[in-house]
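A short worksheet on the structure shown next.
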Amino acid sequence: MFRKFVMAAALVPLAIGMAACSNDSDSKSTPTSAPAAATSAPAMASGPFGAACAGVPKDGAGSFDGMAKDPVATAASNNPALSTLVAAVKAAGLVDTLNGAKGITVFAPTNDAFAKIPKADLDAVLANKETLTKILTYHVVGQTVTPSQLGTAGPFKTLQGGTVAASGSGADYMVGGTAKVVCGNVQTANATVYIIDTVLMPM
């Protein structure tokens, strides 16, 4: 009987010790699982957005990284989808004006946007420097416009002198009521660029 009592007494601290180890291990496992859950939260979207962004070259001068190193007119010349716009900017003599500006926002129509204009009308505009300059400078805002401001802070004054309004949120924006942003928040050395699918016409 005495022997059984001694053995039972000896097992008590052992059981307590094992329970303590189990509690220690549980308490240590709890904090390690919390950071894992925190780091799994999705990050806020940033950088360029829009379906047409997939067509931008992955590397080289025409990539997003490459465009960020050049002023806006030069950066646009490295993007094949903006070749008509670049030709128009050159015809209007606006390359130095755009490249020398600071902190501007450019709504850049794609080649397909210019293709919506009947060829005879487009040729006439390209041949008329005064009209062309008015149209192109209507696509330029003299301040940085972030995506969140684009949908809430307008209308924005353009270099042409008129104003352009925009609406939308997230990755879905319209400019001037007619142009959809197909690749937005593209950074160049001196501008924020929103590539659009329709040419804007000043009122």
Side-chain angles (χ1 to χ4, degrees), residues 45-117 119 121-123 125-127 129 132-151 156 158-160 164 166 168 170-176 178-202:
S46 62
F49 62 84
C53 292
V56 174
K58 301 301 181 187
D59 49 40
S63 67
F64 291 128
D65 287 342
M67 291 177 73
K69 297 173 184 175
D70 290 321
V72 64
T74 302
S77 70
N78 294 321
N79 187 324
L82 301 177
S83 58
T84 305
L85 173 62
V86 171
V89 168
K90 289 179 178 177
L94 292 173
V95 172
D96 291 340
T97 299
L98 294 178
N99 278 350
K102 303 294 182 184
I104 60 175
T105 297
V106 176
F107 299 110
T110 63
N111 296 342
D112 289 342
F114 281 99
K116 292 179 180 180
I117 302 172
K119 188 176 185 307
D121 294 342
L122 180 59
D123 289 344
V125 168
L126 291 174
K129 186 174 180 179
L132 183 59
T133 298
K134 286 180 180 178
I135 292 173
L136 292 177
T137 53
Y138 185 66
H139 289 74
V140 183
V141 173
Q143 67 184 75
T144 299
V145 180
T146 65
S148 61
Q149 293 171 326
L150 184 62
F156 305 99
T158 69
L159 296 191
Q160 178 264 348
V164 62
D172 187 11
Y173 293 92
M174 295 292 294
V175 181
T178 59
K180 180 177 178 61
V181 175
V182 294
C183 183
N185 201 28
V186 178
Q187 300 301 313
T188 73
N190 68 325
T192 297
V193 178
Y194 294 92
I195 300 174
I196 55 178
D197 67 355
T198 303
V199 177
L200 303 174
M201 294 296 178

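Bear in mind the structure is a predicted one, so any value in this text is a computation, not a measurement.
Note that CG of Asp121 is 11.0 Å distant from CG of Leu126, once rounded to the nearest 0.5 Å. In this structure, the separation between CD1 on Ile104 and OG1 on Thr158 is 12.0 Å, given to the nearest 0.5 Å. Expressed to the nearest 0.5 Å, how far CG of Asn79 lies from CG of Asn111 amounts to 8.5 Å.
Considering Val186, Thr192, Thr188 in turn, Thr188 is the only one that fulfils the side chain to side chain contact (heavy atoms under 4.5 Å, CB included) rule with Val72.
Closest of all the heavy-atom pairs between Leu82 and Ala76 is CB-O, 3.9 Å. Contact detail for Ala91 and Leu132: the closest heavy-atom pair is CB-CD2, 3.8 Å. Considering all non-hydrogen atoms of both residues, Ile196 and Thr198 come closest at CD1-O, 3.3 Å. For Gly62 against Met67, the heavy-atom pair with the smallest separation is O-SD, 3.7 Å. When all heavy atoms of Gly184 and Cys53 are compared, the pair lying nearest together is N-SG, 4.3 Å. Summarising the geometry of Ala73 relative to Leu98, their closest heavy-atom pair is CB-CB, 4.3 Å, with the distance given to 0.1 Å.
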Could you walk me through whether Asp59 and Asp65 pass the side chain to side chain contact (heavy atoms under 4.5 Å, CB included) check?
CA-CA 7 Å; Asp59 49 40; Asp65 287 342; over 6 Å; no

I'd like to know whether Phe107 forms a ring-ring contact (aromatic ring centres under 6.0 Å, His included) with Tyr173, so could you lay out the CA-CA distance, the side-chain angles of the two residues, the decisive distance to 0.1 Å, and finally the verdict.
CA-CA 12 Å; Phe107 299 110; Tyr173 293 92; over 10 Å; no

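Counting heavy atoms from C-beta on, the side chains of Ile135 and Pro202 come closer than 4.5 Å. With a 4.5 Å cut-off on side-chain heavy atoms, Leu136 and Gln160 do not count as touching. In this structure, Val175 and His139 have side chains that are not in contact, with every pair of non-hydrogen atoms separated by 4.5 Å or more.
Salt-bridge formation is detected for the pair Asp123/Lys119: a Lys NZ or Arg NE/NH1/NH2 atom is positioned less than 4.0 Å from an Asp or Glu carboxylate oxygen.
Among residues two or more places apart in sequence or in another chain, the side chain to side chain donor-acceptor pair (under 3.5 Å) test is passed with Gln149 by Thr146.
When atom types are taken as modelled, the side chain of Asn99 and the backbone of Asn190 share no donor-acceptor pair closer than 3.5 angstrom. Between the Lys116 side chain and the Asp197 main chain, a donor and an acceptor come within less than 3.5 Å of each other. Under the 3.5 Å distance criterion, the side-chain polar atoms of Thr105 are matched with a main-chain donor or acceptor of Val145.
Atom NZ of Lys90 is surrounded by 12 or fewer heavy atoms from other residues, nucleotides or ligands within 6.0 Å. Within 6.0 Å of atom CG in Asp96, 12 or fewer heavy atoms from other residues, nucleotides or ligands are found, so the atom counts as exposed in its surroundings.
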